[in-house]
2 protein chains.
Amino acid sequence: MLTNQSVKLTNRLVETSRERLLAAAAAEFAARGFAGANVDRIARAARVNKAMIYYHFKSKAALYREILREMFAAVAARVAAVEASEAEPADKVRAFVEAIATAAEARPHFPPIWFREIAEGGAHLDAGTLAHVTAVVKTLGRIVQEGHSRGCFERTNPMLIHAGIIGPLLLYFASGPMRKRLASAGVPGVAALSRDTVVAHVQRVAVTALQGHGV
Amino acid sequence: MLTNQSVKLTNRLVETSRERLLAAAAAEFAARGFAGANVDRIARAARVNKAMIYYHFKSKAALYREILREMFAAVAARVAAVEASEAEPADKVRAFVEAIATAAEARPHFPPIWFREIAEGGAHLDAGTLAHVTAVVKTLGRIVQEGHSRGCFERTNPMLIHAGIIGPLLLYFASGPMRKRLASAGVPGVAALSRDTVVAHVQRVAVTALQGHGV
DNA sequence: GTCTATAAATAGATAGAC
DNA sequence: GTCTATCTATTTATAGAC
């Protein structure tokens, strides 16, 4: 019994070659993009033979799609949970912001890869992953709609709110290295910009825009 | 005299091979990134022999840097003009937003390339171009500072405002193809999102955040 | 300035042994 | 599941003629 359990524990604690490949690939794709990524480098970083990439995945492209799928499935799940909660519309919007931030933070590769996919028009998104993306946007749309029906939000294009949330958040989380260079160049305030400050600001801005108050 | 003039006019009206290469390369780099870009394809799109790339520019990398340099020099110039104007702080912030939007619109390749550079930590930015980037951010910092000194703005980290401006604007201008796919997938409000709506929203949000009013 | 031909290196992918 | 060796295609870059 103890033996069986320790085997199971070991299987969970020790990363499999597949998991190590996924982690190394995520970092490589984030740093260099799909075209710039190199399968040899991915294998080396994962301390795994290159041929294993083609054993576990069909191709470099399939490996990349796998990473995209996990990313967007995770945000979609978080956001769905937000919508399903009992909170009032304004709090759901705040939770939506927090959900995006949390998902992005848990995956440092997420924001840069998302940026690149946007730049590429979602060229690598398969149907299933695209469905996750649209689900996220539609969910925010329904939250905004619900707020409007209840009389707490003014009529607002949800895509505007979406851009106001996703834009600054992704920019913040994707720009770590860039911000370091700006800080070195003497730009004031860059170093002081914390995750919590950004999230709070985005939350406030989104809710304020929705509530209007004749602004 | 007439001959001389017509020659000069011709030289201005007819794109040189160098100009055609720059235009084709900008589109290629925007669509596929630096690593994904292909010099053969650039040459073909420019209707120019591939060897001309190496005649006019030193390498693929040098060609890319040339495009980066022009992009950021243009925004830096626009933004400097905004700061030099006689407008009051809030209007300078609005003009800053408009300047970014105008520069981005005039160069469809600009937003996607900027996104990719952020994702890559500015790996391709040479010292001169990085100076342009920092100049833009610092300029906004001074406008915010000026507003605070004059008592019209609350004390605010300028980087927060910067992220709130650049994030949504770049996202909007870079996401044209992606938005089309979302519209096809039935996401409401995507098609209705106009450039002017986004710019006005970003302006309002930035100024409101700066003015505070105890929010 | 423009073109052809080609060098030289890189990188995705697979066969086949263990 | 893992590894070695290798094939093949792609692609940046240049030499040299016109």
Side-chain angles (χ1 to χ4, degrees), chain A residues 7-69 109 113 116-117 120 123-124 126, chain B residues 6-68 113 116 120 123-124 126:
Chain A
V7 167
K8 278 188 187 168
L9 276 173
T10 302
N11 284 345
R12 290 218 183 107
L13 290 175
V14 173
E15 287 179 319
T16 66
S17 63
R18 189 175 192 279
E19 289 165 340
R20 290 216 307 281
L21 278 172
L22 281 169
E28 174 80 1
F29 287 131
R32 304 177 189 258
F34 176 73
N38 180 303
V39 292
D40 285 88
R41 206 156 33 213
I42 291 172
R44 213 177 316 132
R47 302 188 317 281
V48 156
N49 190 280
K50 179 173 60 158
M52 294 302 288
I53 289 178
Y54 300 91
Y55 171 75
H56 285 302
F57 311 92
K58 204 180 60 96
S59 63
K60 175 185 172 182
L63 169 57
Y64 183 61
R65 281 195 301 270
E66 179 77 16
I67 290 169
L68 284 183
R69 198 204 48 74
H109 59 279
I113 289 180
R116 292 184 199 268
E117 275 309 308
E120 228 137 319
H124 304 274
D126 57 44
Chain B
S6 68
V7 167
K8 276 186 187 169
L9 276 173
T10 303
N11 283 345
R12 288 216 185 109
L13 290 176
V14 175
E15 286 180 320
T16 66
S17 63
R18 189 174 192 279
E19 288 164 341
R20 290 216 306 282
L21 279 173
L22 281 170
E28 174 80 1
F29 287 130
R32 304 179 188 256
F34 175 73
N38 180 302
V39 293
D40 284 88
R41 205 156 34 214
I42 291 172
R44 212 178 317 130
R47 302 189 318 281
V48 155
N49 190 280
K50 179 173 58 159
M52 294 302 288
I53 290 178
Y54 300 92
Y55 172 75
H56 284 303
F57 312 92
K58 204 179 61 96
S59 64
K60 175 185 173 182
L63 169 57
Y64 183 61
R65 282 196 301 271
E66 178 77 14
I67 290 169
L68 284 183
I113 290 180
R116 292 184 199 266
E120 227 138 320
H124 303 275
D126 57 43

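Sequence lines set the chain letters: A, B, ... in the order given, protein chains first and strands last, and positions in each chain run from 1.
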Side chains of Tyr64(A) and Glu28(A): does their closest heavy-atom pair fall under 4.5 Å?
no
Looking at dG12(C), dT14(D), dT14(C), which one has an atom nearest to any side-chain atom of Val39(A)?
dG12(C)
If you compare every side-chain N and O of Tyr54(B) against the phosphate oxygens of dA13(D) (OP1, OP2), does one of them come in below 4.0 Å?
yes
Full working for side chain to side chain contact (heavy atoms under 4.5 Å, CB included) between Arg32(B) and Asn38(B)
CA-CA 9 Å; Arg32(B) 304 179 188 256; Asn38(B) 180 302; 6.0 Å; no
Closest approach of Val48(A) and Ser17(A), non-hydrogen atoms and distance?
CG2-CB, 3.8 Å
Separation of Phe34(A) atom CZ from dA11(C) atom P, in whole Å?
14 Å
Just how far, in rounded Å, is C1' of dG1(D) from CD of Glu19(A)?
15 Å
Using whole Å, report how far NZ of Lys50(A) lies from P of dC7(D).
13 Å
Rounded to the nearest angstrom, tell me the gap between atom CZ in Arg47(A) and atom C1' in dG1(D).
16 Å
Taking for each residue the nucleotide of DNA chain C bearing the nearest heavy atom, is the 5' side occupied by Arg41(A) or by His56(B)?
His56(B)
Check the pair Glu120(B) / Arg116(B) against salt bridge (charged side-chain N to carboxylate O under 4.0 Å, His left out), numbers first and verdict last.
CA-CA 6 Å; Glu120(B) 227 138 320; Arg116(B) 292 184 199 266; over 6 Å; no
Could you tell me whether Ala37(B) contacts a base, only the sugar-phosphate backbone, or nothing, with contacts defined as non-hydrogen atoms closer than 4.0 Å?
sugar-phosphate
Do any side-chain nitrogens or oxygens of Asn49(B) fall under 4.0 Å of OP1 or OP2 in dG1(C)?
no
Atom CD1 of Ile53(B) and atom P of dT2(C) are separated, to the nearest Å, by 13 Å
d(CG, Asp40(B); P, dT10(C)) in whole Å
18 Å
Ala51(A) side-chain proximity, nearest of dG12(C), dT14(C), dA13(C):
dT14(C)
Would you tell me if any nitrogen or oxygen in the side chain of Ser17(A) comes within less than 4.0 Å of OP1 or OP2 on dT2(D)?
yes
Does any part of the side chain of Glu66(A), heavy atoms only, come nearer than 4.5 Å to the side chain of His56(A), both counted from C-beta?
no
Please state how far atom OH in Tyr55(A) lies from atom C1' in dT2(D), giving the value in whole angstrom units.
9 Å
Just how far, in rounded Å, is P of dA13(D) from CE of Met52(B)?
16 Å
Among dA13(C), dA13(D), dT11(D), which is the nearest nucleotide to the side chain of Lys60(A)?
dA13(C)
